[in-house]
Structures are given as structure tokens and as C-alpha cells.
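Notes to accompany the following structure.
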Amino acid sequence: MTASTENSPSDFIRDIIAEDIRRGKYKQIRTRFPPEPNGYLHIGHAKSICLNFGIAREFGGICNVRMDDTNPTKEEAEYVQSIMTDVRWLVDSWADNHIGGAPLYASDYFEQFYEYAVDLVRTGKAYVCDMTPEETDAYRRLGKASCFRDRSVEENLDLFARMKAGEFLDGARTLRAKIDVNAANVWLRDPVLYRIRHASHHRTGEKWCIYPMYDWAHTLSDYIEGITHSICTLEFEVHRPLYDWILDALEFPEPRPHQYEFARLNLTYSVISKRKLIQLVDEKLVSGWDDPRMVTISGLRRRGVTPGVLRTFAYNIGITKYPSMTDMALLEHTMRDEFNRIATRRLAVLRPIKIVLTNYPEGKTEELDAINNPEDSDAGMRRIPFSRDLYIERDDFMETPPPKYFRLQPGGEVRLKYAYIIKCDEVVKDEKGNISELRCTVDLDSKSGGPTAGRKVKGTIHWVSASHAIDAEVRLYDRLFTVPEPDASGDFKSFINPHSLEVVSAKCEPALAAARPEERYQFERLGYFALDPDSSREKQVWNRTVTLRDTWAKEAKK
RNA sequence: UACCCCGUGGUGUAACGGUAACACAGCGCCCUUUGGAGGCGUUAUUCUUGGUUCGAAUCCAAGCGGGGUAGCCA
């Protein structure tokens, strides 16, 4: 039994919040999820969403979704759409009443950011700097003051206004905070607050040609929105003194927001960084952002992963400051655990081999009872047609089996799930020596519920009636990479798993014709499957979300 | 190099000064009309060394190891 999201999570951030509440520091908790709209959301974002929305719902607060759109050269409206789709899908009924009116945009605060910047200049806490980017870097590394550091307030005010008015070229000047050029923390060495970019912004168009930097925009956005706990990943840890400096410099009253950092998610057999995901898409190594092998939220969704799985996974991995590497097996376990409870069982044969039951009447069809979900008595029963000609899984027959193989073999018996015990009498081969069909006899008394139904037969296999089966395309997905840490050494793309997708033509039991995209299915003995959006009325397309645990595969390897 | 952060079984986490717990993975057994699920069992000098304390995974110091930052990206 795995802990579910109903258990209240506990971590160092929630401890701090609980203490803040106990001391009455804030009237209401307000968190935020601040993606930059320059790519699709991935499973690492899912961790952050579960954290921020989880806190909002546990502490009766609100979580804002805010587009951090301060760099017009990288951001696109297309991404805003995909981000909101993913957030809403993940948050759904779990916490949708804790969403703070969505989405918000940092770009909506550009005017306020500018006014605050003017305040800063006026109080002598910021100045316009004419150095080139290279000079700025060099001086910062040396802890040397810019030669423009001591400009008068009047000159700074004038220059900043003219920056805004568009009088200067890209990169010609910046507005910098006047803090401490010698500070041990480089983010305090007079960081840039504004840069000049004559570029069209996806929302403000041509209105601005100066754009705020992350620290300035983010801190002020948090303050403007009344964020209480601004939670980000570890790489922003060294920015925290700047975050606090800005709040101090503007003399904002309490209650102020506070920044806390946690470790981002690392997952074995995958790459999570946006930069690498975009490479996979651009170089056509996957079919797109929503390729079911991608750890994007859209990819996982298409693969068949549910919001509940992602939430439980987030709960299972916890929140810490230790940069850990989570085993993909934990994600897979979370899927199996959830799907085992909810998935509807069906029979499907992925790689069919035909069998003929020589002593079963030609033209006869029986309807056999089958259980929809042994883990859920409310799921009920269905009937499966049975006849003389069947398909079974190619893997479920071996001419010369290894020890402990207890499926079908020449002269051997096996039980057909929900049906009869059969015995293989003859292996029919084509001219090339490939098996074309197996001829078997049925123990007609051994039907489930029949006189010899209790006979001990070691193996039970799935099957489907040949004349009743429906055809479907099944996409068998596996891990995208062959090594646990694809980006640990060298080029991650050289570790792509060539077998991460295999497409087969399957034979499915007729009940599957009524399958619904939102429902999860277990193809018995094979794995969990979900309908792909590529499905049409004529032809279903199934995605394998994850296989069942397979202890035989392990045994066979020995 | 400087500064910051982090070190608990193979992995991820818990234990909040009172004598190491849970999950995953692995291994073994039982059960099974899914080789699934389930059940039972099994695996630990808490990085090191000092210190504080009746008592330290927990507090302090140093060392070692790992990560992050040093864009006019976020």
C-alpha cells in the first residue's frame, strides 16, 4: 500500500508555513507557480505545481499561476496555452478552487516595475550604466565599480527615461542596482535590473523597449500579488539576498513575501531540462512535445498517466534541499499501484499466433463470464465470445521451453483464462519453418465452473476468439534512454533507446470496441493501456503506459 | 577560485536532543484461473574526526564529498 495524496505531506517548507500561521504572520497563505512561457511543462514542473497548489489547499490559501514573461525574445503565446492546459489538467478537481484567477502575467506589471525603478533611482539606489556586457562581466568578476556608478540622480533619471523612450540601441545601457561591488555574493555586485531590447512582446507588443530582469520582476510580482511564500528551485538560492534587498530598498511594509528553495527533480533514464527536451523535439528524435516517451506533462498524459499518479508520485518523492536522483522505477510503481486499483481488465493479444481447437465444434460460439476488475467488485462482469479458432500470444508458446516455463508447449497443457484447459497436439509450420498454427484439444469438462475446472494446471494465458476479435494498433513504449543518467557523460542523445517504441497489430476482445479515452485498461498479463488521440472510429490506437511487473522476464534471464 | 547550500541502507524519504522508521529496487518463500495483485521474510558502524550533553542522525567546529551561482536568460 502506497501513501496516497490524502495523507498530509510534511517537509521543511510546510513546517515553516505551519509555524508562520501559528505565529499569525500572514492572514492567508499565497503561493505561486511562475513558468516562463518558452516551452512545455515537464514532470519537474509537476512537482512544483503539486507543492504550490498542495500548500494552498492544505493551508486554505491560493496559488497564482503567473507567466514570467519578461524576455520578449524567447517567449511565445503558444506556450501560454499549453501551460494552462497542463496546469488545469493536473490541478483539476484536486485544487482548482485554489487557483488565483488564471493566468496572471508579469508583463501586466511592467508599468509598476518601471515606477518602482524610478523610485530606486530617485533614492540613489540605482544608476544607469553605459558599459558593454563584456565590461560589466569583467568588472563584476574583479569587484570593480562601474565608472558610471556615481552619476547624479538627475542624470540617472534623465537617462532611464530616455532608455524607456527608445533613444538607445539594444545593449547600450542598463539600469543597475547600487548595492556592493565587492560583495561576496556576486548577485549583490550591482546587478542589472533593466536591459534594452527593441523587440515585440507577445502581450505588450511594441510598447516597451526596456525589459526588467528576472530578479526585479519576480520579486516585485510576488510583492504585488501578495505572495507569502515564494518557492523556487535551488539555483535561485544565491539570489535570495537580492530578493530581500529589493524589498528593503523599496521599504515595503510587512507582511512581505519570503523565498524558499527546494531541489528540482532528477529522474533516471530521462532528461528533464527544457533545453534538452526542446532538442529532442527540434531534431525530430521524438514526434513532438507530447510524444508519449517524453517526460513533459503532455507526453505523460498522452502516454496514459493520470493526474492522480503524478500527485501521488510528488507525494512519494517529497521535498528536500538534497539534489537527489529519483529512480524511474518509483514513477512506474506509482502508475501500477494506481492503475491496478482502477483499470478495467480486458484481453488483447499483441503478437498473435493462431490455434485451432480440433475437438471443439465448428461454428459454435459460447459467451464466457469475465471479471472487469478483481480489485473493484463494483466493476462488474462482461462476456467474452469463445470459439474453435483463437489467437494466443506468440510468447505463450515455446517448442523447446527452458526450465520453469509453464505456458503452452508441445504435448503440454495450459488454461485459457475464463475458459478451458487445452493441450497442444501439433505444431504446424510453413515452408520456411515458421509456426503458422497450433492444433490443440480442449478438455471440454474444464470450463470455468465445470467438473474438472479445479484441475491443477500451472499456466494460465490470455486469448481472443479469431472471428470475433477487433484489430487495433498498439504502440509499445519503453524508457527513452538506455542508461540511468543519460546526461552524466557525453551526449545524452547517443543513449536513446532504439526500442523505446514498437508498433504492433493486435487482436482485441470485442468489448474493447466501446473503450473510452478517459478510462484506463489493463490488457491482462501485459500492462496498462490508454487510447491514443490518433484513434478513429475505424481503427483504435493504444498506448502502453507501463507494463505489468514481469517476474518471469527476470527468471528467463537467469 | 570565491560565495552559498546539501551529506541517513542500492534509490527516495522519516525520525524535530531519548537510542534509526516507511516506500521503491533486490533476494527468498507462500498464495494465485493475470508468472499481475496480495502475504511473509531478508539487507544500516546515519561521510569522517573532534566537541557540547546523562544522552547526538539531530547542536557546534574542522575536514572530506556532492550540488549550485559567477547572462544585459529564467
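Using a 4.0 Å heavy-atom cutoff across all strands shown, Tyr211(A) reaches no nucleic acid atom at all. Across all strands, Lys321(A) comes closer than 4.0 Å only to sugar-phosphate atoms, never to a base (heavy-atom distances). Using a 4.0 Å heavy-atom cutoff across all strands shown, Thr174(A) reaches at least one base atom of the nucleic acid. Contact annotation for Glu375(A): base contact, defined as any heavy-atom pair under 4.0 Å involving a base atom. Note on Thr132(A): a base of the nucleic acid sits closer than 4.0 angstrom, heavy atoms only. Tyr405(A) comes within 4.0 angstrom of a base, heavy atoms only. Residue contacts for Leu548(A): at a heavy-atom cut-off of 4.0 Å it reaches a base atom on one of the strands shown. Using a 4.0 Å heavy-atom cutoff across all strands shown, Met131(A) reaches at least one base atom of the nucleic acid. Using a 4.0 Å heavy-atom distance criterion, Tyr194(A) is classed as making no nucleic acid contact. Here Arg407(A) lies in heavy-atom contact (under 4.0 Å) with a base. Asn71(A) comes within 4.0 angstrom of the backbone, heavy atoms only, and of no base. Residue-level contact check: Arg141(A) touches the backbone only, with heavy atoms under 4.0 Å from sugar-phosphate atoms and none from bases. Residue Thr268(A) is out of contact with every strand shown, counting any heavy-atom pair closer than 4.0 Å. Among the atoms of the strands shown, base atoms are found under 4.0 Å from some heavy atom of His239(A).
Nucleotide U19(B) has no partner under the Watson-Crick or G-U criteria, as no pair reaches both atom distances under 3.5 Å. Nucleotide U32(B): unpaired (no Watson-Crick or G-U wobble partner with both distances less than 3.5 Å). Across all strands shown, C64(B) forms a Watson-Crick or G-U wobble pair, both distances under 3.5 Å, with G7(B). Partner assigned to A14(B) is none, using Watson-Crick or G-U wobble distances below 3.5 angstrom. C27(B) is paired with G41(B) under the Watson-Crick or G-U wobble criterion, all donor-acceptor distances under 3.5 Å.
Checked by atom type, the side-chain pair Glu338(A)/Thr312(A) shows no donor-acceptor distance below 3.5 Å. His218(A) and Arg32(A) share a side-chain donor-acceptor pair at under 3.5 Å. For the 3.5 Å distance criterion, the side chains of Gln522(A) and Glu524(A) fail to qualify, holding no donor opposite an acceptor.
With C1' as the reference atom, G41(B) and U53(B) are 39 Å apart, rounded to whole Å. Nucleotides G65(B) and G26(B) have their P atoms positioned 33 Å apart, rounded to a whole Å. Of the C1' atoms belonging to A37(B) and C73(B), the separation is 49 Å, rounded to the nearest Å.
Rounded to whole angstrom, the span from the CZ atom of Phe529(A) across to the C1' atom of G36(B) amounts to 13 Å. Across the protein-nucleic acid pair, Asp369(A) atom CG and U33(B) atom C1' stand 14 Å apart, rounded to whole Å. Between the P atom of A2(B) and the NZ atom of Lys144(A) lies a distance of 22 Å, rounded to the nearest Å. The interatomic distance linking Leu188(A) (CG) with U69(B) (P) rounds to 17 Å, in whole Å. Rounded to a whole Å, the CE atom of Met335(A) is 14 Å from the C1' atom of C24(B). For Leu234(A) and G66(B), the CG to C1' distance is 12 Å, given to the nearest whole Å. In this structure, the CG atom of Asp130(A) is 15 Å from the P atom of C72(B), given to the nearest Å. Atom CZ of Phe406(A) is separated from atom C1' of U33(B) by 13 Å (rounded to the nearest Å).
The side chain of Tyr322(A) lies closest to C6(B) when the candidates are G36(B), A74(B), C6(B). In the set A74(B), A37(B), C4(B), the nucleotide with an atom closest to the side chain of Val238(A) is C4(B). Residue Ala329(A) has its side chain nearest to A25(B) when only A14(B), A25(B), U69(B) are considered. Comparing G35(B), G12(B), U11(B) by their nearest atom to the side chain of Trp552(A) picks out G35(B). Comparing U13(B), G36(B), G35(B) by their closest approach to the side chain of Lys404(A) singles out G35(B). In the set C24(B), G36(B), A74(B), the nucleotide with an atom closest to the side chain of Arg549(A) is G36(B).
Position along RNA chain B of the nearest nucleotide to Asp137(A) versus Asp550(A) favours Asp550(A) as the more 5'-ward residue. When each of Gly318(A) and Asp68(A) is assigned the nucleotide of RNA chain B with its nearest heavy atom, Gly318(A) is the one assigned upstream, toward the 5' end.
Remark: side-chain polar atoms of Ser270(A) are paired, donor with acceptor, to backbone N or O of Leu267(A) under 3.5 angstrom.
Using a 90° window around 0 for the glycosidic torsion, G68(B) falls outside it and is classed as anti.
For U33(B), neither phosphate oxygen OP1 nor OP2 lies less than 4.0 angstrom from any side-chain nitrogen or oxygen of Ser448(A). Arg140(A) has a side-chain polar atom (N or O) that falls below the 4.0 Å cut-off from OP1 or OP2 of C72(B). The side chain of His333(A) contributes an N or O atom lying less than 4.0 Å from OP1 or OP2 of C24(B). Proximity of Thr136(A) to the phosphate of G71(B): no side-chain N or O atom is located under 4.0 Å from OP1 or OP2. Contact annotation: Thr551(A) reaches the phosphate of G36(B) (side-chain N/O to OP1 or OP2, under 4.0 Å). OP1 or OP2 of G35(B) sits under 4.0 Å from a side-chain N or O of Arg525(A). Contact between the side-chain N/O atoms of Arg189(A) and the OP1/OP2 oxygens of C3(B) is not found at any separation under 4.0 Å. Under 4.0 angstrom from either OP1 or OP2 of G26(B) there lies at least one side-chain N or O belonging to Lys554(A). Contact annotation: Arg336(A) side-chain N/O to A23(B) OP1/OP2 distance is not under 4.0 Å.
The base of U34(B) lies close enough to the side chain of Gln522(A) for a donor and an acceptor atom to sit less than 3.5 Å apart. With hydrogens and angles ignored, no donor-acceptor pair closer than 3.5 Å exists between the side chain of Thr460(A) and the base of U34(B). Side chain Arg415(A) to base U33(B): a donor-acceptor pair is found below 3.5 Å. Remark: the Asn316(A) side chain and the C24(B) base include no donor-acceptor N/O pair separated by less than 3.5 Å.
Salt-bridge check for Arg455(A) with Asp443(A): passed, with a basic side-chain N closer than 4.0 Å to an acidic carboxylate O. A salt bridge links Glu235(A) with Arg264(A): at least one charged nitrogen is closer than 4.0 Å to a carboxylate oxygen. Salt-bridge formation is detected for the pair Arg14(A)/Glu58(A): a Lys NZ or Arg NE/NH1/NH2 atom is positioned less than 4.0 Å from an Asp or Glu carboxylate oxygen. Salt bridge present: Arg383(A) and Asp369(A) bring a charged side-chain N and a carboxylate O closer than 4.0 Å.
Across Lys178(A), Arg149(A), Arg176(A), a single residue satisfies side chain to side chain donor-acceptor pair (under 3.5 Å) together with Asp190(A), and that is Arg149(A).
Aromatic rings of Phe386(A) and Trp463(A) (six-membered ring for Trp) have centroids within the 6.0 Å cut-off, being under it.
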